[in-house]
Every structure is written in structure tokens, then in C-alpha cells.
**Student:** 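One structure coming up, written as C-alpha cells, with questions to follow.
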Amino acid sequence: MKVYFCGSIRGGRDDVHLYRKIINKLQSYGSVLTEHVSNPELTDRGEDATVMGDKAIHDRDVEWLTQSDVIVAEVTQPSLGVGYELGRAVDMKKRILCLFRPSSGRSLSAMIRGLDGELVVVRDYREDEVENVVEEFFSTLQRT
Ligand SMILES: O=c1[nH]c(=O)n([C@H]2C[C@H](O)[C@@H](COP(=O)(O)O)O2)cc1CO
């Protein structure tokens with residue numbers, strides 16, 4: 001199974017430790033195409049645009065999204081890129097899990113929370129339960 005993980009990069013790197021924890025768990029289900037999102041050395045400047053160029057980053061990520069079987073997004077730290085990826089993934093009719101921590105004090109965009117439905121699960125969670133939440137999502141996936 002190919003998993004595309006979405007997490008904030010230029011939107012801010014406050015939750016990078018949590019991205020690592022989620023990706024570790026996701027790797028027990030398949031290959032995670034976007035492992036770099038959890039790299040603590042990747043700053044909010046993003047991947048080196050002078051080497052890759054933003055167009056190359058965009059085109060590679062849309063290609064990975066197309067190839068992926070499932071999308072998991074940590075959406076607590078607002079990120080234009082993550083919102084865009086989710087919009088594209090919805091259009092591709094992918095199965096999606098969005099993870100949000102109410103303890104952040106933020107209020108999740110209606111354009112993300114309102115996606116909750118047949119193909120998309122939007123789940124409020126606490127950091128200490130993240131592994132269980134991921135397990136639950138993948139077990140319902142396998143049943144459908
Ligand atoms: O350098 C990058 N590499 C990359 O893969 N992305 C993708 C993956 C992330 O899920 C998402 C983050 O978007 P943003 O940088 O707007 O927070 O975009 C985004 C950037 C920088 O915008």
C-alpha cells in the first residue's frame with residue numbers, strides 16, 4: 001500500500017515530532033511516499049527550491065498523490081500546501097484521514113471539517129492516542 005502523508009512545511013514546523021510519530025506508525029501499513037515531511041532538519045523554508053524548484057516539488061507531489069492508495073493528513077498546523085493536497089485528493093476520490101488536535105486551541109477550517117463523509121474521515125484526537133486512531137482507520141479501510 002502507498003500512503004501519502006501531508007503535514008505543514010512552509011506553514012510552520014511546530015508539529016514535526018508528531019509527523020515523525022504518525023509516519024512511523026503508517027510505515028507498518030505500507031510505504032510512505034512523503035517521508036521527508038517528518039525530517040526535523042527540513043525547516044519552514046521547505047526543500048531546497050534552488051536545487052529542485054517549486055514546480056518540481058509540486059509536480060512530484062501531485063504525481064505521488066495520484067499513485068497513492070490512501071492519504072493521511074495532520075491538519076492542526078494550518079498549511080496552504082496541505083489544504084491544496086487535500087482538495088486535489090478529494091477530486092481524485094481517494095480515501096483520506098485528517099487528524100486534528102483540539103488541544104491546540106485552534107478551530108479547524110470548515111472546508112476541511114466539512115469533508116467528513118464516505119471517503120474522508122476527520123478525526124479529533126489527543127497526541128497520546130494517535131497510534132490507536134491510525135489503527136482504527138486502517139482496520140475500517142480493510143473492511144470496505
Ligand atoms: O518543500 C516542500 N515539499 C513538499 O513536499 N511540500 C508538500 C508536502 C506537504 O504535505 C505540504 C506542505 O505545504 P506547505 O509548505 O504549504 O506547508 O506540501 C511542500 C513544500 C514547501 O512548500
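Counting starts at 1 for both ligands and their atoms, following the listed order. Sequential numbering from 1 along the given sequence is applied to the chain's residues. All heavy atoms count here, side chains included; hydrogens, waters and symmetry mates do not.
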**Student:** Please report which non-hydrogen protein atom sits nearest to atom 21 (C) of ligand 1, along with the residue it belongs to and the distance in Å to one decimal place.
**Tutor:** R10 NE, 3.5 Å
**Student:** What protein heavy atom lies closest to atom 18 (O) of ligand 1? Include the residue and the distance to one decimal.
**Tutor:** E85 OE2, 3.2 Å
**Student:** Between D54 and R10, is there a side-chain N and carboxylate O pair less than 4.0 Å apart?
**Tutor:**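 Yes, D54 and R10 are salt-bridged.
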**Student:** Nearest protein heavy atom to atom 14 (P) of ligand 1, by residue and atom, and its distance?
**Tutor:** S79 OG, 3.3 Å
**Student:** Counting heavy atoms only, which of G81, G83, P78 is nearest atom 16 (O) of ligand 1?
**Tutor:** G81
**Student:** Could you tell me if the side chain of Y29 sits less than 4.5 Å from the side chain of V134, heavy atoms only?
**Tutor:**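 In contact.
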**Student:** With the side chain counted from C-beta on, respond yes when V72 and L99 share a heavy-atom pair under 4.5 Å apart, and no when they do not.
**Tutor:**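 A side-chain contact under 4.5 Å exists here.
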**Student:** Check each atom of ligand 1 against the heavy atoms of G46 and keep those under 4.0 Å away; list them by number with element.
**Tutor:**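 Those qualifying, in numeric order: 1 (O).
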**Student:** Give the numbers and elements of all ligand 1 atoms closer than 4.0 Å to a heavy atom of H36.
**Tutor:** 3 (N), 4 (C), 5 (O)
**Student:** What atoms in ligand 1 come closer than 4.0 Å to a heavy atom of C6?
**Tutor:** 10 (O)
**Student:** Considering only heavy atoms, does R60 approach ligand 1 within less than 4.0 Å through its side chain, its backbone, both, or neither?
**Tutor:** side chain
**Student:** Mind checking whether I9 contacts ligand 1 via backbone (N, CA, C, O), side chain (CB onward), both or neither, at a 4.0 Å heavy-atom cut-off?
**Tutor:** both
**Student:** Quick check: I57 and ligand 1, any N/O pair under 3.5 Å apart?
**Tutor:** no
**Student:** Salt bridge check, E131 against K21: does any charged N sit closer than 4.0 Å to a carboxylate O?
**Tutor:**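 A salt bridge is absent here (no side-chain N lies under 4.0 Å from a carboxylate O).
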**Student:** Would you mind reporting whether Y4 and T66 have side-chain heavy atoms less than 4.5 Å apart?
**Tutor:** no
**Student:** So for ligand 1, is G7 a polar contact partner (N or O within less than 3.5 Å, distance only)?
**Tutor:** yes
**Student:** Kindly indicate whether the side chain of V37, heavy atoms from C-beta on, has any atom under 4.5 Å from the side chain of E74.
**Tutor:** no
**Student:** Which ligand 1 atoms are under 4.0 Å away from a heavy-atom of S8?
**Tutor:** 17 (O)
**Student:** Check whether L65 and V75 end up in the same hydrophobic cluster, where Ile, Leu, Val, Met, Phe, Trp and Tyr are linked by side-chain heavy atoms less than 4.5 Å apart.
**Tutor:**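 Linked, L65 and V75 end up in one cluster.
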**Student:** Is there a path of hydrophobic side-chain contacts, each under 4.5 Å between heavy atoms, that joins W64 and V90?
**Tutor:**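 Both belong to a single hydrophobic cluster.
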**Student:** Could you give the side-chain donor-acceptor pairs of residues 111-122 under 3.5 Å, partners two or more places apart or in another chain?
**Tutor:**
from, atom 1, to, atom 2, distance (Å)
R113, NH1, D124, OD1, 3.3
R113, NH2, D124, OD1, 3.1
D116, OD1, V122, N, 2.9

**Student:** How far is atom 1 (O) of ligand 1 from the closest protein heavy atom, and which atom is that?
**Tutor:**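 Scanning the protein heavy atoms, the shortest distance from atom 1 (O) of ligand 1 goes to E47 N, 2.8 Å.
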**Student:** Can you report which non-hydrogen protein atom sits closest to atom 5 (O) of ligand 1, along with the distance?
**Tutor:**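 The protein heavy atom lying closest is D61 OD2, 2.6 Å.
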**Student:** Can you confirm, on distance only, whether ligand 1 has an N/O atom lying under 3.5 Å from any N/O atom belonging to V37?
**Tutor:** no
**Student:** Would you check if I71 and C6 make a side-chain contact, meaning some heavy-atom pair closer than 4.5 Å?
**Tutor:**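 Sidechains of C6 and I71: in contact.
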